[in-house]
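Heads up: the structure comes next, in structure tokens.
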Amino acid sequence: MAQASRTGAPDDLHFTEAEVQRYSRHILLAEVGGTGQARLRASRVLVVGAGGLGSPLALYLAAAGVGTIGLVDDDVVELSNLQRQIAHSDARIGSSKVASAREAMLALNPGIAVQAHPVRLDAGNVQALVGAYDLVCDGTDNFASRYLVADACVAAGRTLVSASVLRFEGQLATFRPHRGGPCYRCLYPEAPEPGLVPSCAEAGVLGAVTGVMGTLQASEAIKEIVGIGETMAGRLLLWDALSMRFTMIRVPADPHCPLGHARPVTGVP
């Protein structure tokens with residue numbers, strides 16, 4: 001596997017004939033090319049949550065040729081998941097979600113490495129998991145996990161691509177305060193009171209909404225790895241599927257951010 005040099009450029013630009021064919025549509029893009037594809041191959045991305053968002057996200061990262069993808073989820077596949085969690089199947093009901101998603105990803109692209117972490121994130125393991133990867137994508141469905149992941153990314157200096165969904169709506173943002181700009185707590189300093197915001201299990205979600213938002217996450221992660229386009233850092237995208245309306249909001253860094261962009265992970269929202 002290609003290794004990134006200190007300049008951020010991959011050292012190994014050699015591709016097999018099969019890789020050239022597999023990634024030809026990427027390599028044809030002037031913005032990506034062989035160097036960008038090599039960067040994808042050399043990268044390590046952690047996907048937190050193998051559900052509605054994590055499924056399309058992980059599959060598109062695998063298809064794109066991200067060299068090492070970590071999956072974190074302690075849940076098992078249930079029938080009610082299959083309306084939106086497209087990495088899983090009826091035959092794998094009862095299986096670990098990370099094992100199920102890994103099977104789907106490797107069936108799509110056997111040339112990548114998928115590291116399964118069938119654990120629940122907590123203050124004791126989150127820093128080691130986040131620190132082992134170059135970039136983190138959060139597709140969790142609860143506020144405690146979102147703040148845990150976001151705080152760990154700040155502490156480790158890792159870029160975070162975050163998305164969330166509920167009913168017919170989605171949100172997307174990238175946070176990289178180590179390179180300037182806001183962190184997750186600059187936008188949402190504290191979690192809402194319990195019961196104030198319903199979960200998807202309580203309020204429902206249109207399955208395709210998770211597909212759109214998870215795919216947008218994959219696009220932003222790929223852009224961050226390759227170094228192309230305009231970053232979502234400092235911006236929040238809101239999408240309403242019922243009206244098909246996208247709204248972009250600027251998010252400045254908060255000089256009074258409760259993290260101070262240097263606070264250790266506590267696991268407390």
Side-chain angles (χ1 to χ4, degrees), residues 1-2 15-16 18-26 37 40-122 125-126 128-130 132-142 145 149 161-163 165 200-201 205-222 225:
M1 184 175 295
F15 294 97
T16 66
E19 286 177 316
V20 170
Q21 291 186 33
R22 180 182 290 273
Y23 305 121
S24 62
R25 299 325 191 255
H26 271 179
Q37 192 60 48
L40 290 169
R41 183 175 58 184
S43 65
R44 297 174 56 83
V45 176
L46 181 66
V47 175
V48 186
L53 291 165
S55 288
L57 166 61
L59 289 173
Y60 268 109
L61 293 178
V66 171
T68 302
I69 303 171
L71 296 174
V72 180
D73 201 313
D74 70 336
D75 206 355
V76 298
V77 180
E78 299 178 358
L79 181 59
S80 62
N81 300 149
L82 301 184
Q83 163 255 13
R84 63 202 177 283
Q85 300 183 16
I86 59 171
H88 312 305
S89 69
D90 197 80
R92 296 200 290 273
I93 290 175
S95 300
S96 158
K97 281 188 179 179
V98 293
S100 173
R102 182 178 186 273
E103 182 177 338
M105 294 161 68
L106 291 177
L108 181 64
N109 189 351
I112 63 170
V114 181
Q115 299 174 339
H117 305 284
V119 299
R120 177 171 289 275
L121 282 182
D122 57 35
N125 63 22
V126 67
L129 283 167
V130 166
Y133 294 85
D134 306 318
L135 182 144
V136 178
C137 294
D138 178 19
T140 57
D141 60 359
N142 64 87
S145 295
V149 172
V161 181
S162 176
V165 296
C200 289
V205 62
L206 186 69
V209 170
T210 65
V212 170
M213 299 311 298
T215 302
L216 288 175
Q217 267 188 289
S219 297
E220 291 305 308
I222 291 169
I225 293 166

Quiz item: Does any pair with a residue in residues 63-79 pass salt bridge (charged side-chain N to carboxylate O under 4.0 Å, His left out), and if so which ones, sequence neighbours excluded?
Solution: Asp74-Arg120, Asp75-Lys97

Quiz prompt | Residue pairs passing the salt bridge (charged side-chain N to carboxylate O under 4.0 Å, His left out) test where at least one lies in residues 108-118, sequence neighbours excluded | solution = none

Quiz item: Is there a side-chain contact between His117 and Leu71 (heavy atoms, below 4.5 Å)?
Solution: no

Quiz item: Given side chains that start at C-beta, do those of Asp134 and Ile225 come closer than 4.5 Å, heavy atoms only?
Solution: no

Practice problem: Keeping the roles fixed (side chain from Asp90, backbone from Ile93), state whether a donor-acceptor pair exists under 3.5 Å. | Solution: no

Exercise. Please check if the side chain of Gln37 supplies one atom and the backbone of Ser24 the other of a donor-acceptor pair under 3.5 Å.
Key: no

Minimal non-hydrogen separation, [X] against [Y], with atom names:
X	Y	value
Gly207	Arg84	CA-CB, 3.6 Å
Leu108	Ala63	CD2-CB, 3.7 Å
Ser43	Val66	OG-CG1, 3.5 Å
Ile112	Ala62	CD1-CB, 3.4 Å
Ala221	Leu61	CB-CD2, 4.1 Å
Ala104	Arg92	CB-NH2, 3.8 Å

Self-check item: Nearest-0.5 Å distance, OG1 of residue Thr16 to CD of residue Gln21
Solution: 9.0 Å

Self-check item: Point-to-point distance, once rounded to the nearest 0.5 Å, from CG of Leu46 to OG1 of Thr68
Solution: 11.5 Å

Exercise. Only pairs at least two apart or in different chains count here, so list each side chain to side chain donor-acceptor pair (under 3.5 Å) that has a residue in residues 102-112.
Key: Tyr23-Asn109

Quiz prompt | Contacts of Arg44 that satisfy salt bridge (Lys or Arg N to Asp or Glu O under 4.0 Å) - sequence neighbours left out | solution = none

Quiz item: Run the side-chain contact (heavy atoms from CB on, under 4.5 Å) check on Leu40 and Ile222 step by step: do they pass?
Solution: CA-CA 7 Å; Leu40 290 169; Ile222 291 169; 4.1 Å; yes

Exercise. Please check if atom OH in Tyr60 has more than 12 non-hydrogen atoms from other residues, nucleotides or ligands closer than 6.0 Å.
Key: no

Quiz prompt | Criterion side chain to side chain contact (heavy atoms under 4.5 Å, CB included) against Cys200, the qualifying member of Asp141, Val209, Val165 | solution = Val165

Exercise. May I have the step-by-step check of side-chain contact (heavy atoms from CB on, under 4.5 Å) for Leu129 and Val119, ending in yes or no?
Key: CA-CA 11 Å; Leu129 283 167; Val119 299; 4.2 Å; yes

Table please: side-chain donor-acceptor pairs of residues 47-58 below 3.5 Å, with sequence neighbours left out.
unit_1, atom_1, unit_2, atom_2, d
Ser55, OG, Gly51, O, 2.7
Ser55, OG, Ala87, N, 3.4

Exercise. Mind checking side chain to side chain donor-acceptor pair (under 3.5 Å) for Glu220 and listing every partner two or more places apart, or none if nothing turns up?
Key: Lys223

